[in-house]
Amino acid sequence: MKERYYLVREDILPEAVVKTMQVKQLLATGDAKTVHEAVEQVGMSRSAFYKYKDGIHLINQLERERIVTISIDMEHRSGMLSKVLSLVADFGGNVLTINQSIPLQGVANVVISVEVSRISDELGDMLESLRDCAGVKRANLIGQG
């Protein structure tokens with residue numbers, strides 16, 4: 001399913017979503033040193049913060065960040081995921097999320113979300129390097145924001 005985004009006025013958001021943004025701002029400004037400290041300051045649970053933290057951003061943050069989603073089929077063997085993540089890091093990509101399926105017939109599917117603001121001109125090169133990586137069967141860009 002394609003991700004959809006909405007521009008929503010803060011006063012109609014659920015309290016937990018608003019507090020999640022407050023926690024993120026406390027952490028970003030250094031007014032809180034840990035998630036535990038920040039959630040205590042705003043009065044929410046850590047589990048609620050972790051539930052919403054990847055889904056809410058200030059608009060000006062989204063304008064600066066560029067996030068792509070890449071689906072990769074790779075051989076199920078020790079060190080493969082680490083090899084792929086290192087390759088992404090070598091290009092300057094920042095891995096935000098990793099979802100890996102249970103391997104079937106020796107192949108695992110991994111879907112990663114990568115912040116690529118610093119590598120926009122080299123995104124094609126990074127994808128080609130992923131495809132050329134020994135043990136990678138397929139690497140495709142499946143989403144871009």
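We use all heavy atoms of the structure for the numbers below, so side chains are in, but hydrogens, waters and symmetry mates are not.
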J.: Just to verify, what does Glu15 make a salt bridge (Lys or Arg N to Asp or Glu O under 4.0 Å) with, not counting sequence neighbours?
T.: Lys19

J.: With a cutoff of under 4.5 Å between side-chain heavy atoms, which Ile, Leu, Val, Met, Phe, Trp and Tyr residues group with Phe49?
T.: Val23, Leu26, Leu27, Val35, Val39, Val42, Met44, Tyr50

J.: In Å, rounded to the nearest 0.5 Å, how long is the span from NZ of Lys24 to CD1 of Ile56?
T.: 7.5 Å

J.: Would you mind listing every salt bridge (Lys or Arg N to Asp or Glu O under 4.0 Å) that reaches into residues 74-87, with sequence neighbours excluded?
T.: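 Non-adjacent pairs meeting salt bridge (Lys or Arg N to Asp or Glu O under 4.0 Å): Glu75-Arg77, Glu75-Lys137.
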
J.: Give me the atom names and distance for the closest heavy-atom approach of Gln41 to Ala32.
T.: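 Closest heavy-atom pair between Gln41 and Ala32: NE2-CB, 3.9 Å.
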
J.: Please list, chain by chain and in numerical order, all residues satisfying side-chain hydrogen bond (donor to acceptor under 3.5 Å, both in side chains) with Ser86, sequence neighbours excluded.
T.: none

J.: Distance from Glu10 atom CD to Met21 atom CE, nearest 0.5 Å?
T.: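 Glu10 atom CD to Met21 atom CE measures 9.5 Å (nearest 0.5 Å).
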
J.: Step by step, would you call Val110 with Leu81 a side chain to side chain contact (heavy atoms under 4.5 Å, CB included)?
T.: CA-CA 8 Å; Val110 177; Leu81 181 58; 4.0 Å; yes

J.: Grab the two heavy atoms, one from Cys133 and one from Leu87, that are nearest each other, plus how far apart they are.
T.: CB-CD1, 4.4 Å

J.: Before you tell me yes or no, could you show the steps for Leu141 and Thr69 under side chain to side chain contact (heavy atoms under 4.5 Å, CB included), namely the whole-Å CA-CA distance, both residues' side-chain angles and the distance that decides it to 0.1 Å?
T.: CA-CA 6 Å; Leu141 185 68; Thr69 304; over 6 Å; no

J.: Do you reckon Val111 sits in the same ILVMFWY cluster as Val136, going by side-chain contacts under 4.5 Å, direct or chained?
T.: no

J.: Suppose we screen for side chain to side chain contact (heavy atoms under 4.5 Å, CB included). Which residues come up paired with Ile12, at least two apart in sequence or across chains?
T.: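 Expected list: Val8, Arg9.
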
J.: Where do Asn140 and Arg131 come nearest, in terms of heavy atoms and distance?
T.: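 Closest pair (atom of Asn140, atom of Arg131, distance): OD1-NH2, 3.7 Å.
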
J.: Applying side-chain hydrogen bond (donor to acceptor under 3.5 Å, both in side chains), can you list everything that pairs with Thr34, at least two apart in sequence or on another chain?
T.: none

J.: Determine whether the side chains of Glu115 and Ser117 contain a donor N or O and an acceptor N or O closer than 3.5 Å.
T.: yes

J.: To the nearest 0.5 Å, tell me how far Ile72 CD1 sits from Met80 CE.
T.: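 Reported value, rounded in 0.5 Å steps: 8.5 Å.
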
J.: Table please: side-chain donor-acceptor pairs of residues 89-101 below 3.5 Å, with sequence neighbours left out.
T.:
residue	atom	partner	partner atom	Å
Thr97	OG1	Ser113	OG	3.0
Ser101	OG	Asn109	N	3.0
Ser101	OG	Asn109	O	3.4

J.: Can you name the side-chain hydrogen bond (donor to acceptor under 3.5 Å, both in side chains) partners of Asp132, sequence neighbours left out?
T.: none

J.: Can you pull out every salt bridge (Lys or Arg N to Asp or Glu O under 4.0 Å) where at least one residue sits in residues 26-40? Sequence neighbours excluded, please.
T.: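 The answer is none; no pair qualifies.
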
J.: Holding to salt bridge (Lys or Arg N to Asp or Glu O under 4.0 Å), I want the full list of residues that pass it with Arg46, two or more places apart in sequence or in another chain.
T.: none

J.: Checking Ser78 now: which residues fulfil side-chain hydrogen bond (donor to acceptor under 3.5 Å, both in side chains) with it, not counting sequence neighbours?
T.: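 For Ser78 there are no side-chain hydrogen bond (donor to acceptor under 3.5 Å, both in side chains) partners, ignoring immediate neighbours.
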
J.: What is the minimum heavy-atom distance between Val84 and Met74, and which atoms define it?
T.: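 Taking every non-hydrogen atom into account, CG2-CE, 3.7 Å.
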
